[in-house]
Amino acid sequence: MASISGIYSRCMPELPEVETIVRDLNKVVLGRKIEDVWCDWRKSIKRPSGFSVFSRAVEGKQIERVWRRAKNIIFELSGGKILLIHQKMTGHLLYGAWSMKHKAWMPKEKGPLEEPANRFIHLIFWLDNGKQLALSDLRKFAKVELWDKKEFLSSTEFKSWGPEPLEKSFTFEKFKKILPARGKIKQILMNPQIIAGIGNIYADEILWEAKVHPLCLVNQFSGYQLKRIYLSIKKVLTKAIKLGGTSISDFRKLSGEKGLFGETRKAYRREKEKCHRCKSVIKRIKIGGRGTCFCPVCQRI
DNA sequence: CGGGGCTCCTGTGCGC
DNA sequence: TGCGCACAGGAGCCCC
């Protein structure tokens with residue numbers, strides 16, 4: 001439960017982290033009714049426009065189901081509604097009861113709650129068991145959307161997402177089929193319209209596992225090399241979920257203001273460290289504006 | 001159609 | 001010791 005209990009946070013949620021959060025949410029919020037909503041950064045709520053419309057539509061609804069698609073957390077609410085939350089870079093869903101008393105704006109009737117609070121919380125759902133579900137988001141990139149379920153399932157947004165790499169239907173044949181004619185492999189792995197759920201961290205991990213250089217062009221791979229990439233996708237993501245995402249982006253206690261950014265950066269600071277396979281020094285380059293770490297010796301192909 | 005660049009944000013870390 | 005600026009980054013969007 002640590003992944004969503006109030007005082008814990010994780011960095012850069014990708015498929016394994018979101019999957020872990022969704023599994024934990026399923027243990028605590030199913031059947032809970034949303035009694036109240038509060039938000040102090042209304043830009044996060046992309047849909048519908050207008051916070052009062054959003055809050056009126058959400059309040060009184062029961063959480064019937066929680067699932068994941070790509071890096072999105074999907075809450076199915078009573079009345080055929082879908083509440084979608086994408087945590088983007090620094091968003092964390094928190095579950096618990098904690099004090100917001102340092103925030104002067106917090107209505108008194110909502111308290112009293114327990115410490116610790118988190119000054120990056122910008123959205124709170126009060127549940128009918130006295131707990132809160134909150135979205136903490138330092139960089140304010142996270143997005144929240146409310147849909148009618150039917151509309152959501154037939155939307156271009158929903159249909160644009162690439163296949164789920166851990167589903168059984170994601171076979172090697174399917175992988176080969178969805179690959180574009182050209183492009184750098186790192187950017188392809190990170191493109192949510194091609195494959196769902198892989199971000200910067202796991203793209204680097206997968207390519208290291210596959211011993212593939214991130215700048216390789218997709219049309220230059222042999223079948224054997226493609227197979228290695230495919231198997232590495234399954235292996236790395238499966239292992240990460242098994243470890244609750246902790247193997248790469250680890251849990252860290254969130255104690256007030258310090259530590260959050262350091263935690264975020266830690267996963268991206270593998271350069272200058274030794275490669276676990278060949279002891280060479282890990283190199284860092286930029287691909288498509290994204291920091292990329294790889295071993296220049298054993299990731300050759 | 002594809003690829004590159006911009007945008008949103010703010011804590012951090014550097015240069016001077 | 002302090003000030004200011006560049007930087008990171010998911011994914012949608014725009015433009016050529």
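Chain letters run A, B, ... following the sequence lines, proteins first and then strands; every chain starts at 1.
- Near DNA chain C, defined here as any heavy-atom distance below 4.0 Å, there are no residues from residues 145-163 of chain A.
- Here A:Gln187 does not reach the OP1 or OP2 of B:dG2: none of its side-chain N or O atoms lies under 4.0 Å away.
- Using the six-membered ring where Trp is involved, A:Tyr230 and A:Phe175 have ring planes that are tilted, between 30° and 60° apart.
- Between the side chain of A:Gln87 and the backbone N or O of A:Leu93, at least one donor-acceptor pair lies under 3.5 Å.
- Atom NZ in A:Lys286 sits roughly 11 Å away from atom P in B:dG5 (whole-Å rounding).
- Distance A:Ile201 CD1 to C:dA11 P: 12 Å, rounded to the nearest Å.
- Distance NZ (A:Lys186) to C1' (C:dG9): 11 Å, rounded to an integer number of Å.
- For A:Lys140 and A:Lys184, each mapped to the nucleotide of DNA chain B holding its nearest heavy atom, the one lying further toward the 5' end belongs to A:Lys184.
- The heavy-atom pair separating A:Val66 from A:Val22 by the smallest distance is O-CG1, 3.7 Å.
- The distance between atom CE of A:Met89 and atom C1' of B:dT12, rounded to the nearest whole Å, is 13 Å.
- Among the protein residues, A:Lys71 comes within range of the sugar-phosphate backbone only, with heavy atoms under 4.0 Å from sugar or phosphate atoms but none that close to a base.
- Side-chain N/O atoms of A:Arg182 and base N/O atoms of B:dG2 include no donor-acceptor pair closer than 3.5 Å.
- Regarding A:Ile194, its CD1 atom lies at a distance of 14 Å from the P atom of B:dC1, rounded to whole Å.
- Checking C:dG9, B:dT10, C:dA11 against the side-chain heavy atoms of A:His86 singles out C:dA11 as nearest.
- Atom CG of A:Leu217 is separated from atom P of B:dG2 by 15 Å (rounded to the nearest Å).
- Computed from coordinates, the A:Leu138 CG to B:dC9 P distance equals 13 Å when rounded to whole Å.
- In this structure a side-chain-to-backbone donor-acceptor pair under 3.5 Å is missing from A:Ser280 to A:Cys295.
- Counting all heavy atoms, side chain and backbone alike, A:Gln187 lies closest to A:Gly288 at NE2-CA, 3.4 Å.
- Comparing B:dG11, C:dA11, B:dG4 against the side chain of A:Pro192 picks out C:dA11 as the nearest.
- Under the 3.5 Å distance criterion, the side-chain polar atoms of A:Gln299 are left unmatched by any main-chain donor or acceptor of A:Lys211.
- Of the side-chain N and O atoms in A:Arg139, none sit less than 4.0 angstrom from OP1 or OP2 of B:dC8.
- For the pair A:Lys88 NZ and B:dC8 P, the interatomic distance rounds to 13 Å; values are reported in whole Å.
- Tested against A:Phe125, the residues A:Val37, A:Val29, A:Leu135 include a single side-chain contact (heavy atoms from CB on, under 4.5 Å) partner, A:Val37.
- Aromatic stacking of A:Phe141 on B:dC9: not satisfied for centres closer than 5.5 Å together with planes under 30 degrees.
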